Structure formats: C-alpha cells, structure tokens
Amino acid sequence: FAWSWRPSSNDFLRFMVLGNTSQTESLGGEGAIFDDVVDRQLLRFRTQGRWWLTQDVRLDHNLDLGKENNRFRKRVRASEFLRLKADTEQESAQQVVTVTWFTRRHDLAAEAYGRGWRIERTGETGNLPEVEQGELGAGLADTFYPTDRTELFARAVGERSSAYGAGLNAQASVSYTLLPARWVVRSTASSTRRVPTPEELYLSFDHSEVGYKITGNPDLLPERLHSLQLSSVWNTADKRFGLELQSFVHQIEDMVTFATGSQPGVFTYENVSRARVIGVQLQSQLAKLFWDVQLLSNYTYLPFARDLDLGERLPQRPEHAGRLELRRGFLKSRKLELWTDVSARSSFLAPSYLGGLPTQSSGELVQGSVVWGAG
C-alpha cells in the first residue's frame with residue numbers, strides 16, 4: 001500500500017507499507033525421517049519526503065522500519081508432528097537525510113544516515129542472547145557537468161559501526177552522451193565495505209538428526225569490494241525500448257563464504273582472502289508490447305568467478321542466469337499493477353569441502369504478485 005501527499009507540484013511526502021508471508025517445504029528422500037518447513041513473515045513501513053527549501057536547495061529524507069520473522073521447523077513424517085528448530089525475529093530501522101544544492105555546473109550533496117537492528121533467537125534449548133548493532137555515516141557527493149554531454153560524479157562516505165569501527169566508501173564515474181536522450185556510455189570505479197548480515201553472524205539451525213548443523217560466526221570481518229564497471233545505455237527516441245549493457249570486474253577482499261566448522265557436520269561462515277568475479281549483464285525494457293503490457297528482461301553471464309586462494313569457482317555463482325517479467329497497470333495512474341515473472345539459471349557446483357557434489361541443476365521459478373497503491 002502506498003499513499004502520497006503533494007502540497008505543491010515539486011514537494012511530496014509518501015508513505016508505504018509492504019507485507020509478505022511465505023511457507024517453504026523441503027521434502028526429504030524416500031527414507032527421510034523429517035521434512036523441513038520454513039515460515040517467513042516480513043512487514044516494512046517506509047516514508048519518503050522531498051522538499052525544496054529554496055529554488056536551488058532540496059531536502060530528501062527516507063525512513064525505513066522493518067520487522068522480519070523466520071521460523072524453522074521439522075515435520076516428523078511418522079506422526080506429522082512439527083518440531084520448532086529455530087525462531088529468529090529481527091527488527092531494523094534506517095534513516096537517511098540528503099541536502100542537495102544545484103548550481104549551473106554542479107549538483108552538490110551532503111548526506112547522513114543511521115541504521116540499526118536487533119535480533120532475538122529461540123532454539124530447542126531456549127532463548128539465545130539478544131543482539132543489537134548500529135551504524136552511523138556521513139558523506140559528500142558532487143555531480144559536475146563540464147560540458148552539455150559530459151558528467152563527472154564523485155562520492156565519499158565515512159561510516160562507523162558499533163561492531164566493526166570506522167570505514168570508508170568511495171565512488172567515481174564518468175558519463176558521456178553520444179546521442180542526446182538516446183545513448184550514454186559510463187565508466188565507474190568504486191571501493192565499498194560490506195558489514196556481515198545478521199544471518200552470517202548469528203544463524204543457528206540444528207539439523208543434527210540427519211547429520212548437519214549450520215551456525216553463524218560473530219568473528220567475521222567486513223568484506224571490501226573493489227569494482228570497475230563499463231556500461232552503455234541506449235533508448236529509442238519515443239522511450240518505448242531501452243537497452244543497457246554492462247561489463248564489470250569485482251575484486252573482493254575478506255569475502256564471506258560458507259565453510260566447514262571445527263566439528264564434523266558443522267557448517268559456518270568464514271572469511272577467505274581474495275575472490276574475483278568478471279561478468280556481463282544485459283538489461284532491456286519494452287513498453288506497450290501488447291495490450292499495454294511492459295516487458296522487462298535481465299541476463300547475466302559470469303565466465304570467471306573464482307576463489308583466488310583455493311583456485312576453484314565460487315559456490316552459488318551460476319555461469320548463466322536470466323529473468324523475464326511481464327507487467328501491466330490498471331485504473332487511472334496505474335494504481336493497480338499485475339505482474340508475473342520467470343527466472344532460470346545454469347547449474348553450479350557445491351564447495352569442494354562438500355565433496356564437489358553438484359547442487360540441483362538448472363531450475364525455473366514462476367511468481368505472481370498483486371500490488372495496490374493509492375496516491
């Protein structure tokens with residue numbers, strides 16, 4: 001649900017509520033004693049505001065509040081009894097404020113943000129300690145237009161995490177317009193830090209009845225990503241068709257990956273030294289395909305995705321992956337939207353410490369959703 005208030009043609013305040021619930025059942029083989037049942041509930045509340053303080057100064061603010069619950073259970077096949085294995089409840093909050101000053105050749109922006117989350121865990125042995133973590137950040141950005149066809153962008157953000165101390169994220173890009181409003185080429189370089197997720201830090205899932213247990217690792221280090229990207233964006237004159245081709249090289253330091261623990265059958269998350277991913281991504285959009293339907297597509301090709309220390313391909317990085325989506329709006333201002341999408345990927349190998357066994361081969365997924373927005 002979304003609702004917007006516009007006191008003027010340029011200012012607005014938007015409220016959004018997003019909810020999702022799902023249940024996934026993973027059935028064991030013929031001789032299995034248990035089946036896995038996972039229930040997930042997600043509720044998010046967002047507000048977004050944009051206000052022109054003067055003719056050349058704009059204030060943007062975004063608030064995101066969320067609550068997520070993941071319940072892992074086992075179904076005993078002999079009795080259909082459901083046993084609770086782990087229940088994780090996470091609450092999160094994020095506030096971002098940006099002030100932008102527009103001049104003839106520059107768009108100067110100052111930003112500040114704060115985010116935090118709290119996680120509560122319950123397992124078969126009772127409640128686990130509650131965990132809280134927060135982060136503050138501030139930065140500056142400048143978009144410079146030396147000519148009508150050239151755009152230079154630079155951004156630097158300093159952050160401080162309650163668990164990981166200080167860090168710096170930086171990005172720079174150069175864009176050139178070959179055909180006005182139709183063809184743009186862009187080169188981007190960035191260096192960013194990623195703090196481990198709550199799952200990577202504190203997951204606790206005991207499946208020892210069939211031989212394994214998965215745990216988080218609170219001693220993980222943040223990842224550091226160095227990235228180079230080259231992209232080309234092309235649109236038709238009527239904006240009906242758009243195409244973006246992007247090539248990239250990602251170098252990851254202290255990458256978080258899945259590994260064996262200190263005991264047999266125990267798996268956890270660990271940092272590896274270096275990994276590199278080289279790939280190409282193609283995205284397209286076609287409006288008014290038929291009956292006012294919009295077509296969106298995405299294809300990713302990763303010929304190189306390797307752990308540079310082990311010399312093997314990274315797990316769960318398929319060489320080919322694609323997605324198609326059909327979307328159509330109804331009522332005035334597209335207040336009701338319907339869409340369906342299908343995605344597929346090539347198979348990938350499990351890590352070497354699992355014996356090199358292949359995971360489930362290429363699979364397909366079909367989803368349908370309905371979203372209603374008022375505003």
Side-chain angles (χ1 to χ4, degrees), residues 2 16 18 20 22 24 40 42 44 46 153 171 173 175 177-179 181-190 192 194 197 223 225-252 255 275-306 313-330 334 336-349 358-371 373:
M16 287 175 285
L18 303 95
N20 182 65
S22 66
T24 303
R40 301 181 187 272
L42 173 66
R44 305 198 78 87
R46 296 174 179 170
F153 174 77
Q171 179 182 352
S173 67
S175 302
T177 302
L178 297 175
L179 293 175
R182 295 187 62 182
W183 190 9
V184 177
V185 292
R186 179 180 296 110
S187 177
T188 304
S190 63
T192 55
R194 186 186 75 85
T197 65
E223 289 182 344
L225 170 66
H226 306 287
S227 178
L228 292 175
Q229 303 175 37
L230 179 63
S231 59
S232 175
V233 182
W234 181 79
N235 294 285
T236 57
D238 59 3
K239 302 296 183 180
R240 183 179 177 184
F241 177 74
L243 186 68
E244 178 176 358
L245 177 62
Q246 180 185 99
S247 59
F248 53 86
V249 178
H250 298 325
Q251 180 84 13
I252 309 172
M255 188 189 76
R276 184 176 301 152
V277 178
I278 302 175
V280 177
Q281 187 174 67
L282 180 65
Q283 301 180 75
S284 66
Q285 175 177 321
L286 177 60
K288 298 181 180 179
L289 178 63
F290 56 85
W291 195 41
D292 203 26
V293 169
Q294 186 178 24
L295 173 66
L296 305 173
S297 66
N298 185 311
Y299 168 71
T300 302
Y301 172 49
L302 297 180
F304 189 93
R306 301 185 71 82
R313 188 172 180 90
L314 294 174
Q316 299 184 348
R317 266 76 169 187
E319 186 174 359
H320 304 275
R323 179 177 179 271
L324 289 175
E325 176 185 310
L326 293 176
R327 180 183 293 265
R328 189 184 192 281
F330 297 87
R334 303 176 66 92
L336 176 66
E337 284 195 328
L338 301 176
W339 73 81
T340 183
D341 63 80
V342 58
S343 61
R345 60 163 174 80
S346 58
S347 60
F348 50 73
L349 295 180
T359 66
Q360 182 180 2
S361 60
S362 58
E364 295 183 353
L365 174 67
V366 179
Q367 296 176 326
S369 303
V370 179
V371 174

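Bear in mind the structure is a predicted one, so any value in this text is a computation, not a measurement.
Between the CD atom of Q229 and the OG atom of S190 there is a distance of 6.0 Å, given to the nearest 0.5 Å. Between R345 atom CZ and T300 atom OG1 the span is 13.5 Å, to the nearest 0.5 Å. Separation of atoms CD (Q251) and CG (L228) is listed at 10.0 Å; rounding is to 0.5 Å. Here the CZ-CG distance, from F241 to N235, works out to 9.0 Å after rounding to the nearest 0.5 Å. Rounding to the nearest 0.5 Å places NZ of K239 at 14.5 Å from NZ of K288. If you take CD on Q281 and CG on N298, they are separated by 4.5 Å, rounding to the nearest 0.5 Å.
Shown here for G329 and E337, the closest heavy-atom pair between the two residues is CA-CG, 4.1 Å. Here the closest heavy-atom approach between residue F248 and residue V280 is recorded as CE2-N, 3.9 Å. Looking at every heavy atom in both residues, M16 comes nearest to A2 through CG-CB, 3.7 Å. Of all heavy-atom pairs spanning G279 and P303, the tightest one is CA-CD, 4.0 Å.
Contact check for Q283 versus Q246: no side-chain heavy atoms found under the 4.5 Å cut-off. Between L324 and L296 there is no side-chain heavy-atom pair separated by less than 4.5 Å. When side chains are defined from C-beta on, V293 does not count as touching R327, because their heavy atoms never get closer than 4.5 Å. Using a 4.5 Å heavy-atom threshold, the side chains of R182 and W234 count as touching. Between L18 and R46, some side-chain heavy-atom pair lies under the 4.5 Å cut-off.
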Fill in: Test log, rule side chain to side chain contact (heavy atoms under 4.5 Å, CB included), inputs L282 and L243
CA-CA 7 Å; L282 180 65; L243 186 68; 3.5 Å; yes

Item to complete: Please report the C-alpha distance between D292 and R328 in whole Å, then the side-chain angles of each, then the deciding distance to 0.1 Å, and finally whether the side chain to side chain contact (heavy atoms under 4.5 Å, CB included) criterion is met.
Response: CA-CA 7 Å; D292 203 26; R328 189 184 192 281; 4.1 Å; yes

Fill in: Stepwise side chain to side chain contact (heavy atoms under 4.5 Å, CB included) check, H250 with L302
CA-CA 11 Å; H250 298 325; L302 297 180; over 6 Å; no

Practice prompt. Show your working on side chain to side chain contact (heavy atoms under 4.5 Å, CB included) between V249 and F304 and close with a plain yes or no.
Written response: CA-CA 9 Å; V249 178; F304 189 93; over 6 Å; no

Worksheet item: After noting the C-alpha distance and the side-chain angles of R323 and S343, does the key distance pass the side-chain hydrogen bond (donor to acceptor under 3.5 Å, both in side chains) rule?
Response: CA-CA 4 Å; R323 179 177 179 271; S343 61; 6.0 Å; no

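The side chain to side chain contact (heavy atoms under 4.5 Å, CB included) with L314 is formed by just one residue from the set M255, R276, R306; it is M255.
The aromatic rings of Y301 and H320 sit parallel to each other, their planes meeting at less than 30°, with 60° as the upper class boundary.
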